> 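Supplied in structure tokens, the structure appears directly below.
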Number of protein chains: 2
Amino acid sequence: MTMQQMEGAARPAGRPRSEKAEKAIIEAALDILGEGSGVSELSIEAIAARAGVGKTTIYRRWTNKEDLVVDALASLKPPIPPLKGASVRDDLVAYLQVVRSESIHVRTRCIMNIAMSQSDRHPRVAERFHEIAIKPRQAAVRAVLERGMANGELRADLDVEMAMAILSGTMMWRTKWSSDDDLPADLAERIVDEALRGFRPG
Amino acid sequence: MTMQQMEGAARPAGRPRSEKAEKAIIEAALDILGEGSGVSELSIEAIAARAGVGKTTIYRRWTNKEDLVVDALASLKPPIPPLKGASVRDDLVAYLQVVRSESIHVRTRCIMNIAMSQSDRHPRVAERFHEIAIKPRQAAVRAVLERGMANGELRADLDVEMAMAILSGTMMWRTKWSSDDDLPADLAERIVDEALRGFRPG
DNA sequence: TCGATACGCAACGGTCGCGTTTCATAATAT
DNA sequence: ATATTATGAAACGCGACCGTTGCGTATCGA
């Protein structure tokens, strides 16, 4: 018995799959989605062409488009900002500023659109996106709010879910229905200040 | 000179276009969009088939799909609720309840999705939708808020645009990321009450 | 070296929707 | 009646992708 055979994932014979190709495929898919295509307009041929890869190489790894998109979304590491500022206000402003700055980049914008608009048609994709990109952020915001409730910066009876919806929803609404350039620079601060007015004790 | 010739739109000779066909086409288009298709997946052939109409009849009236969709969206009469209640709170609750109830119907939901997600790819469509479905509602809400500011129910220095974004954005966020059934029945009231906490004077 | 597997590439037959045309028929003005 | 335009149906050639296959080459383990 050789060392190799003892390894957990008994390596099959023959040429191993190219990791580079795999990354190129996922990157190409995200790229095309980032240009505004919906999931159904995303064609395997286009992905293969852009990735510089044969269609075979794609079909060998994923049996359908949805699985590919799910993996692609999963590869998006959401850059959660630290949020360990001095005050609840600072943390929330920092968070919403990240959201705002992302909404300006076309790629982020389109991928967000996909996740939001195709939840009926492609529930698995939307669910995965929610898991990857939304939940961790919501958890971070929730931590900030709960910290504030604990130390008295916020009302003790604050409805945390509602507060999170107010913060994220307001920013989303503004970024949706505005052209990029008429988003005021201090939008994050203004949203937080307006929201906090109702979140504070008293 | 006959009466007919004196009419504003000098009726051309020959068989007139069928109004019924026109309505059937638009209805079919909305129907398919309401099932979750994006604009680009919406095929003329499918519209014709569902409307019980020849493709000729469609191509004779619209030169491209976008124009058809624009007209279809324009045919959506937004049922703006009256909003003449006793208080700002009552009006806002009534408004958000309409929004909430619409978000449950698949058709409304999908058409909303289209307008929101395809603004990059089909700006004319999104713009038209905004004109038809968003602006009048926002105007109604703005009127309620301004009335409240005038009679002292709301702070005199309230940022009206921000307040509208908070109300609509929060409801949208909740309806987006929730399955229909875990939307609490009193969601509208809870959003309004939470928001008003910061909108009131003092 | 040899067997096995993956690679990029090109071609296959098949489906779908495109936008156009033709056809027989229907509806309207003169 | 006759001229004119619209209608639904069917068929056209065209191009985009589909998912599969065969090809020669590259990369691995034994």
Side-chain angles (χ1 to χ4, degrees), chain A residues 1-29 31-33 35-69 71 121-122, chain B residues 1-29 31-33 35-69 71 121-122:
Chain A
M1 221 180 209
T2 69
M3 287 297 288
Q4 285 76 7
Q5 284 171 329
M6 297 197 60
E7 287 173 4
R11 161 98 82 105
R15 177 178 177 173
R17 294 194 180 166
S18 160
E19 259 186 60
K20 193 165 69 173
E22 194 142 336
K23 287 191 202 285
I25 292 167
I26 286 183
E27 193 56 32
D31 220 37
I32 296 175
L33 290 178
E35 287 170 0
S37 296
V39 175
S40 35
E41 309 156 62
L42 180 67
S43 80
I44 301 287
E45 302 219 325
I47 298 172
R50 183 168 313 212
V53 144
K55 283 195 287 178
T56 327
T57 308
I58 297 182
Y59 283 115
R60 189 177 291 118
R61 291 160 210 258
W62 294 278
T63 62
N64 61 64
K65 218 174 6 183
E66 269 204 11
D67 287 347
L68 201 175
V69 174
D71 282 0
R121 190 163 277 254
H122 304 281
Chain B
M1 221 178 209
T2 69
M3 288 297 288
Q4 285 77 6
Q5 284 171 330
M6 297 196 61
E7 286 171 6
R11 162 96 84 103
R15 176 177 177 173
R17 293 197 179 162
S18 159
E19 258 186 61
K20 193 166 68 175
E22 195 142 334
K23 287 191 203 289
I25 293 167
I26 286 182
E27 194 54 32
D31 220 37
I32 296 175
L33 289 178
E35 285 170 2
S37 296
V39 175
S40 35
E41 308 156 63
L42 178 67
S43 80
I44 300 286
E45 303 219 326
I47 298 172
R50 182 167 314 210
V53 143
K55 282 195 288 177
T56 328
T57 308
I58 298 182
Y59 282 117
R60 189 177 292 117
R61 292 160 210 258
W62 294 278
T63 62
N64 62 65
K65 219 175 5 185
E66 269 204 10
D67 287 348
L68 203 176
V69 174
D71 282 1
R121 189 163 277 254
H122 304 281

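In what follows, every chain begins at residue 1, and chains take the letters A, B, ... in the order their sequences are listed. Since the model is a prediction, treat every value here as computed from it, not as a measurement. Computation of the quantities below employed the complete heavy-atom set of this structure, encompassing side-chain atoms and omitting hydrogens, waters and symmetry-equivalent molecules.
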> The side chain of Ile44(A) lies closest to which of these nucleotides: dC28(D), dG19(C), dC18(D)?
dC18(D)
> Looking at dG19(C), does its base get a donor-acceptor pair with the side chain of Lys55(B) below 3.5 Å?
yes
> What's the closest nucleotide to the Ala21(B) side chain, out of dG8(C), dT7(D), dG19(C)?
dT7(D)
> Just how far, in rounded Å, is C1' of dT27(D) from NZ of Lys20(A)?
13 Å
> Would you mind reading off the distance between Ile58(B) atom CD1 and dT20(C) atom P, rounded to a whole angstrom?
13 Å
> Please work out if Ser18(B) contacts a base, only the sugar-phosphate, or nothing of the nucleic acid, heavy-atom cut-off 4.0 Å.
sugar-phosphate
> May I have the distance from Asn64(B) (atom CG) to dT20(C) (atom P), rounded to whole angstrom?
12 Å
> Quickly work out the Arg61(A) CZ to dG19(D) P distance and round it to whole Å.
17 Å
> Measure the spacing between CD1 of Ile47(A) and CG of Leu33(A) and express it to the nearest 0.5 Å.
7.5 Å
> Would you give the length of the straight line joining atom CD of Glu27(A) to atom CD1 of Ile32(A), rounded to the nearest 0.5 angstrom?
11.0 Å
> Starting at the 5' end of DNA chain C and moving along, which residue's nearest nucleotide shows up first, Gly14(B) or Leu42(B)?
Leu42(B)
> Quick one: Arg17(B) CZ to dG8(D) C1', roughly how many Å, whole number?
15 Å
> So does Ser40(A) get a backbone contact from the side chain of Lys65(A), meaning a donor-acceptor N/O pair under 3.5 Å?
yes
> Specify the angle, to 10°, made by the local axes at the two ends of the helix from dT1(C)-dA30(D) to dT30(C)-dA1(D) when five pairs are taken at each end.
20°
> As a test of reading the structure: which of dC17(D), dA27(C), dT7(D) is closest to the side chain of Thr57(B), going by heavy atoms?
dT7(D)
> Please round to the nearest 0.5 Å and tell me the distance separating atom CD of Glu22(A) and atom CZ of Arg60(A).
11.5 Å
> Would you mind telling me which residue lines up with the more 5' stretch of DNA chain D, Ala51(B) or Lys65(A), judged by nearest nucleotide?
Ala51(B)
> In whole angstrom, give the distance that lies between atom CD of Glu22(B) and atom P of dT7(D).
9 Å
> What about Arg15(B): does its side chain form a donor-acceptor pair under 3.5 Å with the base of dA27(C)?
no
> To the nearest 0.5 Å, tell me how far Ile25(A) CD1 sits from Lys23(A) NZ.
12.0 Å
> Mind checking the CD1-CG spacing from Ile26(A) to Asp31(A)? Nearest 0.5 Å is all I need.
13.0 Å
> Do you know the tightest heavy-atom contact between Trp62(B) and Asp71(B)?
NE1-OD2, 2.8 Å
> Whole angstroms only, please: what is the CD-P distance between Glu41(B) and dC18(D)?
13 Å
> Taking Arg50(B) for the side chain and Ala28(B) for the main chain, is one N or O donor matched with an acceptor at less than 3.5 Å?
no
> Would you say dT7(D) has OP1 or OP2 under 4.0 Å from some side-chain N or O of Arg60(B)?
yes
> Examine the base of dA9(D) for any acceptor or donor lying under 3.5 Å from a partner atom in the side chain of Thr56(B), and report the outcome as yes or no.
yes
> Rounding to an integer number of Å, can you tell me how far Ile47(A) CD1 sits from dG8(C) P?
14 Å
